[in-house]
Amino acid sequence: MRRVLLCTFLLLPLTAGAQDLPQKQSPNPSLTQNTAPSSKLVEPHLHVSRSGNASRPRVALTFDACMGKADERILSTLVRERIPATIFVTARWLRNNPQSVTIFLQNLDLFELENHGQNHVPAVDVPVLIYGIAAAGSPEAVRQEVSGGADAMLAAGFSAPRWFRGSTAKYDPSAIRQIRDMGYRVAGYSLNGDGGSLLGADVTEKRIAAAKDGDVVLAHINQPTHAAGEGVARALVALKRRGVEFVRLSDVDGIGDDDTTR
């Protein structure tokens, strides 16, 4: 099966992901779908400091651009409505979307670009499969995934990233320490808005439109053929009508667990 690493790994807990997602074959036959590292994997949460104003809740929108093309339904809504957001990009996505890169560069008052890695492999430093995807597998490979993503961002004209979010949003504690030692904060989230871009439009809209004060919303901006993108776009307008204060991760303090921000 052709190996396609899409950002569809945040849909459900691991058991559901293992059932619903296509299975990939690992080049290492010793790895199985349920392989687990000696230290427990974590999926960190992240909140931003709350506004404390019930009529103007503060929400950070974050979008993963993993592979594939840009979802113009989402991107055009962000630009038209002047809604700030943090976009996590991979080196692979940057190479394949020069027109969208130009839009981001032309709207740096709205968009903060951050690091989603070089090849979209999980930032775990031991051999393990996560939703059928082989992790980086060693500290050296984790470092390459992080630094390769940053290098591609600099080459595209963006500032040096300060946040990193890895594929599948799962890590082992030693990889988190390594990424932190490289100068990054690790971006978790508090609200999974689109289920890895696999949810329907109505469910996605309802989830995101219900964001609360301090939430960090995770959604995807790289699946233009999926119904979820329509729901994301509608939810952005609904949040704006609610009077939400949109912030980027660089605008306010971010509070993450598992030692991801301290």
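Salt-bridge annotation for Asp64 and Arg165: present, with a side-chain N of the basic residue lying under 4.0 Å from a carboxylate O of the acidic one. Salt-bridge formation is not detected for the pair Asp215/Lys212: no Lys NZ or Arg NE/NH1/NH2 atom is positioned less than 4.0 Å from an Asp or Glu carboxylate oxygen.
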Checklist entry - Would Thr86 and Glu112 satisfy side-chain hydrogen bond (donor to acceptor under 3.5 Å, both in side chains), going step by step from the backbone distance to the final call? => result CA-CA 5 Å; Thr86 302; Glu112 169 191 9; 3.0 Å; yes
Item to check | Worked verdict on Arg82 versus Asp109 for salt bridge (Lys or Arg N to Asp or Glu O under 4.0 Å) | outcome: CA-CA 9 Å; Arg82 308 308 293 169; Asp109 58 326; 2.9 Å; yes
Checklist entry - Going through the checks in order, is the side chain to side chain contact (heavy atoms under 4.5 Å, CB included) test met by Ser167 and Val121? => result CA-CA 5 Å; Ser167 167; Val121 298; 5.6 Å; no
Checklist entry - Leu75 and Ile221: side chain to side chain contact (heavy atoms under 4.5 Å, CB included), yes or no, with the steps? => result CA-CA 7 Å; Leu75 182 54; Ile221 199 168; 4.3 Å; yes
Checklist entry - Where do Asn53 and Ser55 land on the side-chain hydrogen bond (donor to acceptor under 3.5 Å, both in side chains) test, with the steps shown first? => result CA-CA 5 Å; Asn53 184 344; Ser55 63; 2.7 Å; yes
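Partners of Asp151 by salt bridge (charged side-chain N to carboxylate O under 4.0 Å, His left out), not counting sequence neighbours: none found.
Annotation for Arg143: atom CZ does not count as buried by contact number, only 12 or fewer foreign heavy atoms lying within 6.0 Å.
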Going by atom type alone, with no hydrogens or angles, which donor-acceptor pairs under 3.5 Å involve a side-chain atom of residues 227-237 and a protein atom two or more places apart or on another chain?
residue : atom : partner : partner atom : Å
Glu230  : OE2  : Arg234  : NH1          : 2.6
Arg234  : NE   : Glu205  : OE1          : 2.7
Arg234  : NH2  : Asp202  : OD1          : 2.7
Arg234  : NH2  : Glu205  : OE1          : 2.8

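Cluster partners of Tyr184, by chain and number: Val42, Val142, Val146, Phe164, Tyr171, Ile176, Ile179, Met182, Val186. The rule joins Ile, Leu, Val, Met, Phe, Trp and Tyr whenever side-chain heavy atoms lie under 4.5 Å apart.
A donor-acceptor contact closer than 3.5 angstrom links the side chains of Ser49 and Arg58.
Interatomic distance, Leu113 CG to Trp163 CH2, rounded to the nearest 0.5 Å: 15.5 Å. Put simply, CG on Asp125 and CD on Glu140 are 9.0 Å apart, with the number rounded to the nearest 0.5 Å.
Taking the six-membered ring where the residue is Trp, His45 and Tyr189 present tilted rings, their angle falling between 30° and 60°.
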